[in-house]
Amino acid sequence: MTPSLKERYDTQGYVVVPGLVPPDHLEALEAACERVIARTRSGEWPHRRTVGRQFPPYGDGDPDSWGVQHVMHPDLGEPAFARWYTSDALVDVVKELLGCEEDDLQMELFNLLINPTSNSFALRWHRDDVRENATEEEEREALSIWHHGTQWNTALRKDSCLYVVPGSHKVPRTPEQRAHSSTLDPPKDPLAMPGAVQVTLQPGETVFYNNNILHCATYDAHQPRVTLHACMGEVRGGPTRARNILQHGLKWMKEDRFAQTLDDRGRKMLERIVRLQESVNGDVGYSLGN
């Protein structure tokens with residue numbers, strides 16, 4: 001019997017799904033991406049992932065960018081992003097992977113991963129919400145918490161940037177894996193990590209992954225990248241999702257003008273992330289160091 005989508009996701013920590021960008025969304029998303037990339041590269045849009053900074057806060061220390069932040073922000077004026085984020089095809093897969101109902105879903109992050117133009121760049125081996133210097137016991141404890149969310153990359157161009165270690169979302173690193181992932185340095189050869197595989201997406205394919213799987217990425221300045229990068233959670237995660245999500249700065253989501261850009265499903269999802277923001281007192285800090 002062929003394992004279900006959820007069974008493969010739970011076992012491997014990631015799964016590739018085709019066909020989540022229907023034709024009626026593709027043209028609008030392509031055009032929106034082209035515009036926001038141009039605004040980011042020109043300096044008009046300040047919310048970006050800066051070359052030289054792997055994780056938040058990204059700062060402004062280099063003019064080159066490897067990502068565009070907050071593509072649903074009303075100041076960008078690109079409704080295609082929110083329209084796709086709340087689409088039936090996408091939401092149905094998220095519900096299946098998380099084992100939840102639509103009324104449990106909360107809106108989270110939606111960004112865009114792009115190629116730098118001046119210098120190639122790479123992200124080190126990491127788990128999104130577990131420090132690189134965590135002890136085996138700390139790592140085991142962190143991985144035992146089900147964070148009730150999923151993250152995904154949807155390629156609009158062929159994308160071979162992501163590397164993962166299948167199954168590593170469940171178990172602490174081996175001594176050999178720890179040796180490849182205990183510093184802030186990106187790998188010279190990602191496939192030198194024991195168990196690593198390269199994930200290649202064809203245009204229109206999506207990889208969903210547990211964000212605490214061991215993963216890294218390479219950004220080739222000479223290889224165009226246009227990859228939708230987002231996550232969605234569900235309310236059972238509660239405060240366990242707060243730091244990893246809110247560290248990106250989502251206060252703009254509480255503005256009425258953003259809610260007015262969303263459909264009914266989107267507004268309900270938004271209400272749940274706003275409740276999470278309001279439940280957190282003070283600064284949530286950052287998951288990882290640069």
Side-chain angles (χ1 to χ4, degrees), residues 3-21 49 54-55 66-67 85 89-100 105-106 108-113 122-130 132 139 142-156 158-173 177 180-181 186-187 190-191 193-219 225 227-234 237 240-241 243-245 247-248 287-288:
S4 69
L5 200 66
K6 180 170 174 53
E7 287 171 336
R8 284 183 282 149
Y9 177 78
D10 289 345
T11 300
Q12 297 294 318
Y14 77 103
V15 67
V16 176
V17 181
L20 296 185
V21 186
R49 298 188 176 197
Q54 299 185 48
F55 308 109
W66 60 274
Y85 186 93
L90 187 59
V91 167
D92 286 347
V93 173
V94 172
K95 288 191 299 183
E96 180 178 354
L97 296 180
L98 298 184
C100 71
L105 294 176
Q106 68 184 17
E108 294 185 343
L109 307 175
F110 194 174
N111 305 308
L112 179 64
L113 303 178
L123 302 181
R124 60 184 168 88
W125 281 103
H126 65 284
R127 307 181 191 272
D128 280 1
D129 203 33
V130 183
E132 71 283 346
E139 200 168 1
L143 296 179
S144 71
I145 301 171
W146 171 232
H147 290 274
H148 299 282
T150 189
Q151 183 163 290
W152 67 88
N153 294 351
T154 299
L156 300 186
K158 184 178 178 180
D159 187 326
S160 299
C161 298
L162 180 67
Y163 297 79
V164 302
V165 177
S168 61
H169 62 303
K170 293 183 172 183
V171 295
R173 292 166 292 176
Q177 290 171 337
H180 287 269
S181 58
L191 291 175
M193 167 67 80
V197 299
Q198 185 175 22
V199 178
T200 295
L201 300 175
Q202 299 300 326
E205 290 186 328
T206 299
V207 58
F208 291 88
Y209 56 103
N210 182 310
N211 68 347
N212 276 336
I213 197 172
L214 271 175
H215 61 289
C216 72
T218 58
Y219 288 74
R225 190 183 198 196
T227 295
L228 308 171
H229 179 60
C231 63
M232 194 179 293
E234 50 115 349
T240 63
R241 292 195 65 70
R243 179 177 64 181
N244 194 237
I245 303 304
Q247 66 177 336
H248 289 265
S287 295
L288 298 174

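Starting from 1, each residue takes its place in the sequence as its number.
The CG atom of L123 sits 9.0 Å away from the OG1 atom of T218 when rounded to the nearest 0.5 Å. The CG atom of L5 sits 4.5 Å away from the CD atom of E96 when rounded to the nearest 0.5 Å. Atom NE2 of residue H229 and atom CG of residue L162 lie 9.5 Å apart, to the nearest 0.5 angstrom.
Taking 4.5 Å as the limit, every side-chain heavy atom of L20 sits out of range of all side-chain heavy atoms of T154. By the 4.5 Å heavy-atom criterion applied to side chains, Q198 and S160 are counted as neighbours. Taking the side chain as every heavy atom from C-beta outward, V93 and F208 approach each other to under 4.5 Å. By the 4.5 Å heavy-atom criterion applied to side chains, M232 and Q106 are not counted as neighbours. Within the 4.5 Å cutoff, the side chain of C231 has no heavy atoms near those of the T150 side chain. Put simply, the side chain of N212 reaches to within 4.5 Å of the side chain of D129, judged on heavy atoms. Counting heavy atoms from C-beta on, the side chains of R124 and S181 never come closer than 4.5 Å. For the pair Y85/V91, no side-chain contact is recorded, criterion being any heavy-atom separation below 4.5 Å from C-beta on.
In plain terms, the two heavy atoms of P194 and H180 that are nearest each other are CD-CD2, 3.7 Å. G195 and P166 get closest at one heavy-atom pair: O-CD, 3.3 Å. The two residues Q54 and P186 have their closest heavy-atom pair at NE2-CD, 4.3 Å.
Shown are E132, E139, H215; of these, the side chain to side chain contact (heavy atoms under 4.5 Å, CB included) with R127 is made only by E139. The side chain to side chain contact (heavy atoms under 4.5 Å, CB included) test with Y209 is passed by exactly one of V199, N153, V16: N153.
S168 and R173 share no donor-acceptor pair across their side chains, judged by distance under 3.5 Å alone. When only modelled atom types and interatomic distance are considered, Y9 and S4 share no side-chain donor-acceptor pair under 3.5 Å. In the model, Q151 has no side-chain atom that pairs as donor or acceptor with a side-chain atom of N210 under 3.5 Å. Side chains of D159 and T227: a donor-acceptor N/O pair is present below 3.5 angstrom, by distance only.
Every residue was checked against the salt bridge (charged side-chain N to carboxylate O under 4.0 Å, His left out) condition with K158, not counting sequence neighbours, and none meets it. Listed by chain and residue number, nothing satisfies the salt bridge (charged side-chain N to carboxylate O under 4.0 Å, His left out) test with K170 (two or more places apart in sequence, or in another chain). Legend: residues meeting ring-ring contact (aromatic ring centres under 6.0 Å, His included) with Y219, ordered by chain and number and at least two apart, are W66.
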Handout entry: side-chain contact (heavy atoms from CB on, under 4.5 Å) between Y14 and V197, worked out
Key = CA-CA 11 Å; Y14 77 103; V197 299; 3.9 Å; yes
Practice task
Just do the side-chain contact (heavy atoms from CB on, under 4.5 Å) check on Q202 and T200 with the steps written out, would you?
Solution key: CA-CA 7 Å; Q202 299 300 326; T200 295; 4.1 Å; yes
Exercise for the section: Evaluate the side-chain contact (heavy atoms from CB on, under 4.5 Å) criterion for residues L98 and K6: first the C-alpha distance (whole Å), next the side-chain angles of each, then the deciding distance (0.1 Å), finally the verdict. Expected result: CA-CA 8 Å; L98 298 184; K6 180 170 174 53; over 6 Å; no
Exercise for the section: Step by step, work out the side-chain contact (heavy atoms from CB on, under 4.5 Å) result for L214 and Y163. Expected result: CA-CA 8 Å; L214 271 175; Y163 297 79; over 6 Å; no
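In this structure, H126 contributes its side chain and I213 its backbone to no donor-acceptor pair below 3.5 Å.
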